[in-house]
Visitor: 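So that we are looking at the same thing, I have put the structure below in structure tokens.
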Number of protein chains: 2
Amino acid sequence: MEFSEEIRKELIESGKITDPKSPRGVVLNTAARLFRRKGYLQTTVRDIGRETGILPGSIFHHYRSKDEILRTVMEESIVLNLGRLKRALESRPALEDRLRTLISVELYAMNGETGEAWSVMVDEWRNLSEEGKATILRLREEYEGIWLDVLREAHQAGVVTMEPDILRKLLAGSLHWTPTWFRHGGGLSLEDLTDRVWQLATGHRP
Amino acid sequence: MEFSEEIRKELIESGKITDPKSPRGVVLNTAARLFRRKGYLQTTVRDIGRETGILPGSIFHHYRSKDEILRTVMEESIVLNLGRLKRALESRPALEDRLRTLISVELYAMNGETGEAWSVMVDEWRNLSEEGKATILRLREEYEGIWLDVLREAHQAGVVTMEPDILRKLLAGSLHWTPTWFRHGGGLSLEDLTDRVWQLATGHRP
DNA sequence: CATTGTAGACCAAACGCTTGCTCAAATTCG
DNA sequence: CGAATTTGAGCAAGCGTTTGGTCTACAATG
């Protein structure tokens, strides 16, 4: 995850994700944190206002609706982590490294500094409007496609034995669940955790 | 899961879970289904009323609050599935069978006929009142204790290699996620799925 | 240099609606 | 009859959102 900040800067400068220093960005990151902590429905526009120091009504100067905030949190989160994933894969051509990278990047997406947003995407899917779902779905499909490509290759090479689509879903569950119990500085690092999930996927110790 | 209906009857007759034919039971099962489909917060008391044919006001004759309905859904679900698990373990003394039973029972709890309630317990935890959490937590600890006992034994015997507590959490994630993608009659049975999760846990094909 | 215009950010108040829940009266039933 | 149950109207609170207007910074104009 060495270059994850680098990519973030690139995406901010190219305008693909909102500058966290801008009012829009402040609202966005605050909202992501609150959505994660209390849930989307339990978070009121007034809550976001209080935490950002912006009055509730003024939030709607920056976003058309609360739903647009949720959609933006999800959208920018997947853009960011898709960027991280692609970049990480470029520098690791070996098959087993690529599988490990997938695990590692997703663990980082869920539990790293920008982990709130990715968690929100997983947990609050049902609260997204229909148009929102359509937008996010396209991005998610690209992300899942990368996973399946690598897993299929790994299956063919005998690195994993389970059917790729089932394995992905089981692993996705394991990974999505980690934020509920994993805490930094608790004797288990994200690297350690990557090892364990790798072992789960391949059946072999790393 | 042959005897799962049997145990349900026993628990109903002994009054440990609500009779589904009683007004309380009708409300309970309807609520569980709605909570699962739309989420607890998105489900209104009026929704439950409409589906049960009971007017909103009358719901509160059977339950003190909406929160009490949620708590009861969770509580009875864990009582039922804890009963199923204990019964199933009694008839399977071999270590490897017991591990497989744990997986199988939890998959059934999430995806079987009474799967709505168990899903609600996992997904709507944050929406439970503080007293509710305390009640459910005690029951959950008993359930998790059984898992850890078996996993520790399996670890000592070399059936699994990962640390029991980490393995349990990773498996819990996989299992909790299954309702989002698993559908009956889709070429993959719950038995097949049990095999896959077993393989995930042990690293060996069943 | 002073004035005016413009645009983004923000404020204060309130609107319309939904929510969980209450309650007195009516009804049903043992 | 009396107790349990159901009814339907309605309350108080909270929600997302709208509105009309102010403040500030800065560029254009005379």
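Numbered from 1 within each chain, the chains take letters A, B, ... in sequence-line order.
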Visitor: How many whole angstroms separate atom CD of A:Glu68 from atom C1' of D:dT18?
Guide: 16 Å
Visitor: So, A:Tyr63 versus A:His61, ring centres under 6.0 angstrom or not?
Guide: no
Visitor: Counting side-chain heavy atoms from C-beta on, which of D:dG16, D:dT7, C:dC10 comes nearest to A:Val45?
Guide: D:dG16
Visitor: Roughly how many Å is it from CG in B:Leu41 to P in D:dG16, rounded to a whole number?
Guide: 12 Å
Visitor: Between C:dC10, D:dG16, C:dG20, spot the one nearest the side chain of B:Phe60, thanks.
Guide: C:dG20
Visitor: Which sits closer to the 5' end of DNA chain C, B:Thr43 or A:His62, going by the nucleotide each is nearest to?
Guide: A:His62
Visitor: Quick test of your reading of the model: are B:Lys66 and B:Glu124 salt-bridged, counting only N-O distances below 4.0 Å?
Guide: no
Visitor: What is the distance, to the nearest angstrom, from the CD1 atom on A:Ile54 to the P atom on D:dT24?
Guide: 17 Å
Visitor: Assess whether one donor atom and one acceptor atom, taken from the side chain of A:Arg46 and the base of D:dG14, lie less than 3.5 Å apart.
Guide: no
Visitor: Using heavy-atom distances to pick each residue's nearest nucleotide on DNA chain D, tell me which of B:Leu55 and A:Gln42 is more 5'.
Guide: B:Leu55
Visitor: Which nucleotide wins on minimum distance to the side chain of B:Ser65, given the candidates D:dT6, C:dC21, C:dC11?
Guide: C:dC21
Visitor: Is it true that B:Lys9 and B:Glu6 make a salt bridge, defined as a side-chain N closer than 4.0 Å to a carboxylate O?
Guide: no
Visitor: Any base atoms under 4.0 Å from A:Thr44, or only sugar-phosphate, or nothing? Heavy atoms, all strands.
Guide: sugar-phosphate
Visitor: Are the charged groups of A:Glu144 and A:Arg140 less than 4.0 angstrom apart, N to O?
Guide: yes
Visitor: What is the distance from OH of B:Tyr63 to P of C:dT22, rounded to the nearest Å?
Guide: 17 Å
Visitor: Find the distance A:Tyr40:OH to D:dC15:P and express it as a whole number of Å.
Guide: 13 Å
Visitor: Counting heavy atoms from C-beta on, name the nucleotide in D:dT17, C:dC21, C:dA9 closest to the side chain of A:Lys66.
Guide: D:dT17
Visitor: Would you mind reading off the distance between A:Ile48 atom CD1 and D:dC15 atom P, rounded to a whole angstrom?
Guide: 12 Å
Visitor: Calculate the interatomic distance between B:His61 atom NE2 and C:dA24 atom C1'; express it in whole Å.
Guide: 15 Å
Visitor: I need the CD1-C1' distance between A:Ile59 and D:dG16, as an integer number of Å.
Guide: 12 Å
Visitor: So A:Ser22, base contact, sugar-phosphate only, or nothing? Heavy-atom distance under 4.0 Å.
Guide: nothing
Visitor: Below 4.0 angstrom from OP1 or OP2 of C:dA9, is there any side-chain N or O of A:Ser58?
Guide: no
Visitor: Testing A:Leu167, A:Asp165, A:Val160 one by one against A:Glu163 for a side-chain contact (heavy atoms from CB on, under 4.5 Å), which residue passes?
Guide: A:Asp165
